[in-house]
Amino acid sequence: MDGRRRRERLWRAVAAWAEAPEREPGWAQEVCLSVVAEFRGVDAATLSLWVRGERAQEILGASDAWAAGLAETQYTVGEGPGMEALRGNEPVLVPDLRVDQQRWPGYAEEALAAGVAAVFVFPLQVGALRLGTLELFRHHVGELGDDESTDAVLTADLVAAGLLRQADLAERAGQVYEPRLVTSFHDVNVATGMLAARLRIDLDDAFARLRAHAFGHGRSVLDVARDVIERRIALDDLAE
């Protein structure tokens, strides 16, 4: 009975948004907060969009600033369970990050230091279309229950369907669908383009240099990108 009630509450949280565009601001945070409230032992949750691969991630929703920071860390280091789930198009369940830290050493080091003990990632997908990820975090080790894993998959599927529904409603209204974001990495795309043009390299190489500079200086790639745009970091300083 508890599982059925949880599913009904999660369904209402997503469906109310999908059918009512005027409620869109804050909807993703509401979904993340609902997941934290409904799932036993889950301390935080994020919803991320991967609109054009790994260089175009956006943080759609986060239950709190800690969770948003974890999503930004993964984007900066360029590895982690979210990226693996997106590439493999299947859930990545990590009940003890210390055991699996060799899979993503850069991410694991940062996440463990931030207090993450376990992480569970579920792709947002409709058929072969991959839209993003739902990530759940714990401060303690341990598996998700079977019912909660099933409900997490259902929630991810509902969010993916809701995103397509909102995009369809926007298209019918003659608008471009631009969901409200917790964190946008648009500035990273701008800085990547600037660096690629300056050094005459491809975008992937330019992006890798931004990431390497950020990781080497203990900063987020978004902060480095903003410094590049504002000329606080010279493009030539990233030549090597």
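Residue numbers run from 1 in the order of the sequence given.
Interatomic distance, Asp147 CG to Leu154 CG, rounded to the nearest 0.5 Å: 12.0 Å. In this structure, the separation between CZ on Arg219 and NE2 on His217 is 8.5 Å, given to the nearest 0.5 Å. The CD atom of Glu143 sits 10.0 Å away from the CG atom of Asp96 when rounded to the nearest 0.5 Å. Note that the CG atom of Leu163 and the CG atom of Leu158 stand 11.0 Å from one another [nearest 0.5 Å]. Taking CG of Leu222 as the reference point, atom OG1 of Thr76 lies at 8.0 Å (rounded to 0.5 Å).
Gly115 and His139 make their closest contact through O-ND1, 3.0 Å (heavy atoms, listed as atom of the first residue, atom of the second, distance). Here the closest heavy-atom approach between residue Val36 and residue Asp43 is recorded as CG1-O, 4.0 Å. Scanning both residues, Phe120 and Arg138, for their nearest heavy atoms gives CE1-CD, 4.0 Å. Contact detail for Ala28 and Gly61: the closest heavy-atom pair is CB-CA, 3.6 Å. Minimum heavy-atom separation, Leu136 to Ala45: CD2-CB, 3.8 Å. Residue Ala67 comes nearest to Ala44 through the heavy atom pair CB-CB, 3.8 Å, listed as atom of the first residue, atom of the second, then distance.
Environment of CZ in Arg200: sparse, with no more than 12 heavy atoms of neighbouring residues, nucleotides or ligands closer than 6.0 Å. Atom NE2 of His186 has 12 or fewer neighbouring heavy atoms from other residues, nucleotides or ligands inside a 6.0 Å radius. Atom CG of Asp146 is surrounded by 12 or fewer heavy atoms from other residues, nucleotides or ligands within 6.0 Å.
Residues Asp227 and Asp223 form no side-chain contact, since every pair of their non-hydrogen atoms from C-beta on lies 4.5 Å or further apart. Side-chain contact check for Glu79 versus Pro105: some heavy-atom pair is nearer than 4.5 Å. Val221 is not listed as a side-chain neighbour of His213, based on a closest heavy-atom distance of 4.5 Å or more. At a threshold of 4.5 Å between non-hydrogen side-chain atoms, the residues Asp151 and Glu38 do not count as touching. Gln74 is listed as a side-chain neighbour of Pro81, based on a closest heavy-atom distance under 4.5 Å.
Side chain of Glu148 to backbone of Arg40: a donor-acceptor contact under 3.5 angstrom is found. Judged by distance alone, with hydrogens and angles left aside, the side-chain atoms of Arg211 form no donor-acceptor pair with the main-chain N or O of Ser220 at under 3.5 Å. In this structure a side-chain-to-backbone donor-acceptor pair under 3.5 Å is missing from Glu90 to Ala85.
Val153 and Leu47 end up in the same hydrophobic cluster when Ile, Leu, Val, Met, Phe, Trp and Tyr side chains are linked at under 4.5 Å. The cluster map of Ile, Leu, Val, Met, Phe, Trp and Tyr, joined by side-chain heavy atoms under 4.5 Å apart, puts Val190 and Val188 in the same cluster. In terms of hydrophobic clustering, with Ile, Leu, Val, Met, Phe, Trp and Tyr side chains grouped at heavy-atom distances under 4.5 Å, Ile229 and Phe207 are assigned to a common cluster.
Hydrophobic cluster membership of Val119, counting Ile, Leu, Val, Met, Phe, Trp and Tyr whose side-chain heavy atoms lie under 4.5 Å apart directly or via other members: Trp66, Leu70, Val77, Val92, Val94, Leu97, Trp104, Tyr107, Leu112, Val116, Val121, Phe137, Phe215.
Between Arg103 and Glu84 there is a salt bridge, since a side-chain N of the basic residue sits under 4.0 Å from a carboxylate O of the acidic one.
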Item checked: Criterion ring pair (Phe, Tyr, Trp, His ring centres under 6.0 Å) on Phe122 and Phe39, from CA distance to verdict -> CA-CA 14 Å; Phe122 302 87; Phe39 286 45; 8.3 Å; no
Check: Does the pair Val35 and Ser63 meet the rule for a side-chain contact (heavy atoms from CB on, under 4.5 Å), with working shown?
Finding: CA-CA 9 Å; Val35 168; Ser63 57; over 6 Å; no
Listing, residues 123-134 side-chain donor-acceptor contacts under 3.5 Å, not counting sequence neighbours, or none:
residue, atom, partner, partner atom, Å
Arg130, NH1, Leu86, O, 2.9
Arg130, NH1, Arg87, O, 2.9
Thr133, OG1, Trp50, NE1, 3.3
Thr133, OG1, Glu135, OE2, 3.4

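Remark: the Glu110 side chain and the Thr73 side chain contain no N/O donor-acceptor pair separated by less than 3.5 Å.
The only option from Val224, Leu235, Leu195, Thr192 that meets the side chain to side chain contact (heavy atoms under 4.5 Å, CB included) definition with Arg209 turns out to be Leu195.
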